[in-house]
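Remember, predicted model here, so these are calculated numbers, not experimental data. Read the numbers this way: they start at 1 and go in the same order the structure lists the ligands and their atoms.
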Amino acid sequence: MKVLLTEDQLQQAIRRMAGEIAEHYRDRPLTIVGVMIGSIVLLADLIRLLDMPLRVELVQARSYRRNSTRPGPLVLNLDLLSSDVRDRDVLLVDDIFDTGHTLWELVPQLDELGPASIRTAVLLRKQGRCEVPIQPDYVGFDIPDAFVVGYGLDYNDLYRNLPYVAALESGEIREETGR
Ligand code: 5GP
Ligand code: MG
């Protein structure tokens with residue numbers, strides 16, 4: 001495993017993102033919607049840097065399966081939303097923007113609930129992978145195309161608790177063979 005982003009680098013970027021977010025919304029009431037599970041660590045750090053009236057909500061998106069590092073079918077679940085986002089500004093927060101399909105599909109589903117606006121924030125964006133015509137509004141870091149773990153991101157449900165972001169090396173990845 002090779003460390004890509006240290007705790008200090010992560011905190012510095014999240015402070016910058018929080019500054020940009022606060023600057024945009026000022027004191028408008030915001031609903032931050034985290035995409036489970038990968039965004040929880042970013043979410044916890046980000047909201048504590050935002051001194052404004054905000055609600056926190058969660059939705060679920062899964063595109064990776066077990067020990068695969070390639071996206072499988074995307075499953076979205078908005079049932080966890082507990083409060084009404086109608087007429088509220090919504091900031092969707094995810095761990096990483098890879099092909100972009102997760103945000104591309106989530107944004108219109110949230111939009112059906114009638115929010116005043118929707119913006120998106122991600123900690124990481126992988127270079128050269130985007131397959132959709134949207135980009136996140138707030139990005140912590142652009143990273144090379146490697147499979148990364150830590151700071152909320154998992155491989156096979158492990159490593160979410162690492163305080164840094166690391167790239168897995170080929171010997172650490174056991175792809176499913178399909179049988
Ligand atoms: P997208 O839909 O943009 O292709 O992928 C977004 C989702 O795929 C992320 O929310 C994350 O769950 C997962 N993902 C994409 N790349 C990586 C990666 O390098 N490491 C991990 N752990 N998850 C990833
Ligand atoms: Mg995800």
Side-chain angles (χ1 to χ4, degrees), residues 1-7 9-10 13-14 17 21 31-47 56-81 85 90-112 118-176 178:
M1 188 177 295
K2 183 168 166 282
V3 176
L4 273 191
L5 300 164
T6 64
E7 267 186 271
Q9 288 175 305
L10 291 168
I14 294 157
M17 290 170 79
I21 292 164
T31 300
I32 296 197
V33 177
V35 183
M36 289 233 281
I37 300 173
S39 74
I40 58 165
V41 182
L42 170 63
L43 198 62
D45 282 347
L46 184 64
I47 60 175
V56 179
E57 295 279 349
L58 294 166
V59 293
Q60 206 174 12
R62 297 190 56 119
S63 52
Y64 282 91
R65 287 292 174 274
R66 293 185 293 276
N67 59 349
S68 177
T69 59
R70 285 187 289 268
L74 179 64
V75 182
L76 301 178
N77 179 3
L78 277 70
D79 295 349
L80 293 165
L81 285 175
V85 298
V90 169
L91 178 66
L92 197 52
V93 174
D94 204 359
D95 49 5
I96 186 167
F97 187 89
D98 180 21
T99 64
H101 286 287
T102 303
L103 292 186
W104 176 244
E105 295 195 26
L106 260 175
V107 168
Q109 288 205 20
L110 270 173
D111 199 43
E112 280 177 24
I118 305 180
R119 291 194 145 212
T120 56
V122 297
L123 180 67
L124 310 172
R125 174 171 58 191
K126 261 191 226 178
Q127 282 160 345
R129 294 268 304 161
C130 182
E131 294 175 358
V132 300
I134 54 157
Q135 287 292 323
D137 296 291
Y138 306 98
V139 177
F141 296 93
D142 279 303
I143 60 164
D145 180 11
F147 192 79
V148 293
V149 296
Y151 199 75
L153 291 134
D154 77 305
Y155 174 59
N156 214 5
D157 292 326
L158 290 175
Y159 309 124
R160 293 193 198 276
N161 53 321
L162 299 179
Y164 48 84
V165 170
L168 286 188
E169 286 162 296
S170 50
E172 296 167 310
I173 297 172
R174 300 255 177 283
E175 291 282 348
E176 257 169 282

Discussion item. Under the criterion side chain to side chain contact (heavy atoms under 4.5 Å, CB included), I'd like the reasoning laid out for Val59 against Leu76: C-alpha separation, chi angles, the key distance, then a yes or no.
Written reply: CA-CA 8 Å; Val59 293; Leu76 301 178; over 6 Å; no
For [X], which part has a heavy atom under 4.0 Å from ligand 1: side chain, backbone, both, or neither?
{"X": "Asp95", "value": "side chain"}
{"X": "Asp94", "value": "side chain"}
{"X": "Ala61", "value": "neither"}
{"X": "Arg129", "value": "neither"}

Atoms of ligand 1 less than 4.0 Å from [X] heavy atoms?
{"X": "Ala146", "result": "19 (O)"}
{"X": "Gly100", "result": "1 (P), 3 (O), 4 (O)"}
{"X": "Thr102", "result": "1 (P), 2 (O), 5 (O), 6 (C), 7 (C)"}
{"X": "Asp154", "result": "21 (C), 22 (N)"}

Going by the closest heavy atom to [atom], which one wins out of [options]?
{"atom": "atom 11 (C) of ligand 1", "options": "Thr99, Val149, Ile96", "result": "Ile96"}
{"atom": "atom 7 (C) of ligand 1", "options": "Gly152, Ser63, Ser39, Cys130", "result": "Ser63"}
{"atom": "atom 20 (N) of ligand 1", "options": "Val148, Leu153, Leu103", "result": "Val148"}

Discussion item. Under the criterion side chain to side chain contact (heavy atoms under 4.5 Å, CB included), I'd like the reasoning laid out for Leu4 against Leu124: C-alpha separation, chi angles, the key distance, then a yes or no.
Written reply: CA-CA 11 Å; Leu4 273 191; Leu124 310 172; over 6 Å; no
Fill in: Leu78 vs Leu106, side chain to side chain contact (heavy atoms under 4.5 Å, CB included): CA-CA, chis, key distance, verdict
CA-CA 9 Å; Leu78 277 70; Leu106 260 175; 3.8 Å; yes
Worksheet item: What about Phe97: any of its N or O atoms under 3.5 Å from an N or O on ligand 1?
Response: no
Worksheet item: Does Lys126 come within less than 4.0 angstrom of ligand 1, counting non-hydrogen atoms of the residue?
Response: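 Yes; Lys126 lies near enough to ligand 1 that a heavy-atom distance drops under 4.0 Å.
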Discussion item. Looking at ligand 1, would Phe147 count as a contact under a 4.0 Å heavy-atom criterion?
Written reply: yes
Worksheet item: If only atom types and distance count, is the side chain of Thr6 paired as donor or acceptor with the main-chain N or O of Gln9 below 3.5 Å?
Response: yes
For [X] and [Y], work out which heavy atoms get closest and say how close.
{"X": "Ser63", "Y": "Thr102", "result": "OG-OG1, 4.3 Å"}
{"X": "Glu7", "Y": "Tyr164", "result": "N-CB, 4.4 Å"}
{"X": "Thr120", "Y": "Pro136", "result": "OG1-CA, 3.1 Å"}
{"X": "Phe97", "Y": "Ile134", "result": "CZ-O, 3.3 Å"}
{"X": "Val35", "Y": "Ala61", "result": "CG1-CB, 3.6 Å"}

